[in-house]
Amino acid sequence: MEKGIFSASKGAIALVLLAGAMAESASAQGTADSSEIIVTGSRLRQEVVQDVPIAVSVLNSDQVDQLHTADIRGLTNTVPNLTISALPAGTGVSIISLRGFATSSANIEVEPGIAVYVDGVYQTTTQGSLTDFFDLERIEVLRGPQGTLLGKNASAGAILLTRSRPTGNLEAKARLEYGTYNLAQAQAVLNFPIIDGVLAGKVFGSWRHRGNWLTNVVFPGRDAGSESRQSVRGALLFTPTPDFTLYVTGDYDRSHSSQYLARVASRPGNTLCDTFGVCGINDPRRRIIRANFTDKPLIKQHSFTANADWSLGGAKLSSITGYRKFRGLNQSDVEQSEFTLLHAINQLFNVKQFSQELRLASEENGGFDLDGKLAWLVAGYYGRGRSDMLQPILTNLLRTQYQEYDRDSYALFGHADYSVTDQWTLSFGMRKSWDKVTHLYTLNTPGTVPGPFQPTQKANFDNLSFEAGTQYKLDPDKLVYFRFAEGYRGGGFVGLPSSNAAASQYDPETSRSYEVGLKTQWLDRRLTVNLTAFSTTFSDLQRSTTQIAPGGGSFVIVTDNIAKARTRGVEFESLLRMAEGFSLRANVGYLDTKYLNYTSLDSSGQPIDNRAQDFPYAPKWTVSVTPTYVIPISRGFLNDLTLEAKYDYRAKQNVNTGGLIIGRIPKYATLDLNASLTAGNDDAYKLSVWVQNVTKKNFMTYISNPGALTVNEYDNMGRLFGVAVDMKF
């Protein structure tokens, strides 16, 4: 395995040299070079990405628009070793895999291991985490444990979504889009002044609809796959003095999209095969379903954030306040056959979260930073999550179960960077976390009303984690760094246990990571080359699996500490800009994953060694190559024509969240094409035509095994095309 990492490093270096011979990224007339983006959300102070001693990938607003995606799933393949998909059984739940670590659960009690932040506010659960992408200022993807610079700790990484703030000018922009399966989308943003130079406002609206793309061959008229989403947002920016800023947002989101259903691929040993004779894939065609229950889930959520910054003369006091209320009504045909075996009907989720973070940080040359040598931060965080879940299950009789889950999280953390010389900087951070968890549940009981509450479960967890590193600037354009970081994910209880004996507690998960990186720019900054090698060890690794309750009649999602594991690898990112508007971006990720200790018990109580089991969503190789060519037209009304292609390759991987052998899929590659034409003053108009998956490559996005019922294989959407018109006024 050691040889694998070294050979991967050689391959990445060879690709660097190849990129140097060709050239990369945004042209003089096109999208800004991502290495020039100023990062603030994940740092002590404003810094250019190339000066940041951590593995972070940043996309600006133009690059986000080029993804032509509605939510964070579009980030797959734009960042080395990152995969994002949707969990079909959940209500707006994402599967995020970063550096071989995958986090996903439809249960409200599981804390995400990869944190998602919106405008600095941590999202408590994965429910509703497929966030709208329009009107974003930037996206930051932080790889590795996070805990001494962000409000909430994360054992594997974080995704920061920062939306654009009101400009104070009277201006608007809009986008109209049409595409495959009758995709229709309309989005608009209006900026306006309220009190000139003091108070500015913004309103945003989004409407998205797509028709069904999964054909039901057993029940005509019960096709699936449709999308229906609406979002409304308002924002205020209050700047009464140069020393004080208050930014407030309010959002409402609604989704009434179809279930994401699958082809039945039941094997011997599954109920569908052994009892009903539905074995194997009955129809070899893609995007074919047989489900007899296709009612649509419904999601409603609203949220408020308030970010305040106050310069105190040498230091800055910041407050980040967030409130979110999520309500999901889930509908799920669990076995997805023509038979009524197990249906989750009107499965109701309610999530309320409140968080408050206070940060005091040094200001550059403000008098408390040792003449610019010391950058520091001290902060406190409080998060409160209140959730409940009602699970009615229809089989041969109706069974109902209910739970309430409360989590209070507290943390004190700090971080400091000290410049020993102009070239050499030392970093240190520390975090102390406390979690208090309370859980109430009822057992799986016949009838429409849940049974009585069982004894209340309570637990307290705490953790002390550290971060340390050093960086050295070889010259103004070349940086080498080392980073050690520890991560933490809180423990909890099995949400809906099948019995009191199964109402187990799982412990916190911890991680320890070592990372060495090189960030460089060459050829008068026309070539950017970044190389990172890492190794992360996870202790008490948490994993959630779906199991059929004893005696049937219901299913439970069981979370447990399954193993000690290690992920390591190499990440390569390059950007080469050539003359005449041509650029080339190349990203490569290499992963080596391994369970160090993973034992379970079989039905007779005998130990099973699972160390050879796959990591889910962890292909050994991921490659992305994106050439872009901007052709100046500059004739009359027309400005520039931009042509872009994106080639993505993923080695064989396992797309079952449990890593079972049924989830293995072969390697595949896709090709996307995009052309856009700008016109008018300041590129006021843009026409874009795009095609995703040009070669119509078919692959599985998820393979599930709900208990011993069946195996379900989820197809990708195939080839997609679209046309979009952007306007600025």
Side-chain angles (χ1 to χ4, degrees), residues 41 61 64 70-72 91-92 115-125 127-139 151-152 159-175 185-195 198-208 228-240 244-256 298-310 318-328 349-358 381-387:
S61 58
V64 172
D71 51 51
I72 61 175
T91 309
V116 176
Y117 290 81
V118 178
D119 285 339
V121 176
Y122 168 73
Q123 307 299 291
T124 306
T125 70
Q127 298 288 339
S129 59
L130 297 178
T131 305
D132 194 298
F133 255 24
F134 190 64
D135 195 37
L136 287 180
E137 178 182 296
R138 68 179 180 277
I139 300 174
K152 193 71 170 68
I159 299 175
L160 280 57
L161 308 178
T162 302
R163 300 178 296 193
S164 64
R165 294 190 173 193
T167 63
N169 301 317
L170 182 59
E171 57 190 16
K173 67 176 182 178
R175 175 182 298 160
Q185 183 166 265
Q187 298 165 307
V189 175
L190 173 65
N191 277 284
F192 51 90
I194 301 175
I195 302 175
V198 176
L199 184 62
K202 167 186 281 193
V203 291
F204 158 86
S206 176
W207 176 85
R208 180 180 176 91
S228 179
R229 302 186 192 180
Q230 300 84 40
S231 300
V232 179
R233 181 185 311 146
L236 293 173
L237 182 63
F238 182 49
T239 53
F244 182 80
T245 300
L246 176 62
Y247 171 53
V248 180
T249 69
D251 301 73
Y252 173 77
D253 301 282
R254 182 182 185 274
S255 175
H256 196 38
L298 177 63
I299 297 173
K300 294 181 180 180
Q301 61 179 327
H302 61 260
S303 59
F304 299 92
T305 66
N307 295 359
D309 294 300
W310 188 12
S318 299
S319 170
I320 303 174
T321 308
Y323 172 80
R324 174 173 172 249
K325 183 178 180 180
F326 171 89
R327 183 178 178 88
F349 300 86
N350 287 293
V351 178
K352 293 181 181 179
Q353 73 170 74
F354 170 82
S355 63
Q356 176 62 57
E357 182 181 348
L358 288 176
Y381 174 85
Y382 169 67
R384 181 179 186 182
R386 299 289 183 264
S387 312

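Contact record, G250 with F304: CA-CD2, 3.9 Å, taken as the closest heavy-atom pair. Smallest separation of non-hydrogen atoms from S319 and L358: CB-CD2, 3.8 Å. For L136 against S61, the heavy-atom pair with the smallest separation is O-CB, 3.1 Å.
Between the NZ atom of K325 and the CZ atom of R327 there is a distance of 7.5 Å, given to the nearest 0.5 Å. Taken to the nearest 0.5 Å, the CZ atom of R324 stands 13.0 Å off from the OG1 atom of T305. The distance from atom CZ of F238 to atom CG of L199, rounded to the nearest 0.5 Å, is 7.0 Å. Considering CG of L298 and CZ of R254, their distance stands at 5.0 Å, rounded to 0.5 Å. With values rounded to the nearest 0.5 angstrom, R208 atom CZ is found 8.0 Å from Q187 atom CD.
Side-chain N/O atoms of E137 and S164 include no donor and acceptor closer than 3.5 Å. T245 and T239 share no side-chain donor-acceptor pair at under 3.5 Å. Checking R384 against Q353 by side-chain atom types alone, no donor-acceptor pair falls below 3.5 Å. Side-chain contact, T321 with Q356: a donor N or O sits under 3.5 Å from an acceptor N or O.
Between V121 and I320, the closest side-chain pair of non-hydrogen atoms falls below 4.5 Å. A 4.5 Å side-chain heavy-atom check between V189 and E171 finds every atom pair outside the cut-off. At a threshold of 4.5 Å between non-hydrogen side-chain atoms, the residues V118 and R163 count as touching.
Applying the salt bridge (Lys or Arg N to Asp or Glu O under 4.0 Å) rule to D309 yields no partners; only residues at least two apart in sequence or on another chain are considered. Residues satisfying the ring-ring contact (aromatic ring centres under 6.0 Å, His included) test with F192, not counting sequence neighbours, are none. Shown here are the salt bridge (Lys or Arg N to Asp or Glu O under 4.0 Å) partners of R386, two or more places apart in sequence or in another chain: D406, D408.
Note: Y381 and Y122 have perpendicular aromatic rings, judged against thresholds of 30 and 60 degrees for the angle between ring planes. Between W310 and F244, the two ring planes are perpendicular [angle over 60°; tilted spans 30° to 60°].
A donor-acceptor pair under 3.5 Å is absent between the side-chain atoms of Y117 and the main chain of T162, judged by distance alone. Between the side chain of N307 and the main chain of D119, a donor-acceptor pair closer than 3.5 Å is present.
Tested against D253, the residues S206, S303, S231 include a single side chain to side chain donor-acceptor pair (under 3.5 Å) partner, S231.
Seen from the ring of F204, R233 counts as a face-on cation partner, given the 6.0 Å and 45° thresholds.
Ion pair R165/D135 not flagged as a salt bridge, since none of the NZ, NE, NH1 or NH2 atoms sits closer than 4.0 Å to an Asp/Glu carboxylate oxygen.
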Discussion item. Pair L170, N191 - check side chain to side chain contact (heavy atoms under 4.5 Å, CB included), show working.
Written reply: CA-CA 5 Å; L170 182 59; N191 277 284; over 6 Å; no
Worksheet item: Run the side chain to side chain contact (heavy atoms under 4.5 Å, CB included) check on Y252 and K300 step by step: do they pass?
Response: CA-CA 8 Å; Y252 173 77; K300 294 181 180 180; 3.8 Å; yes
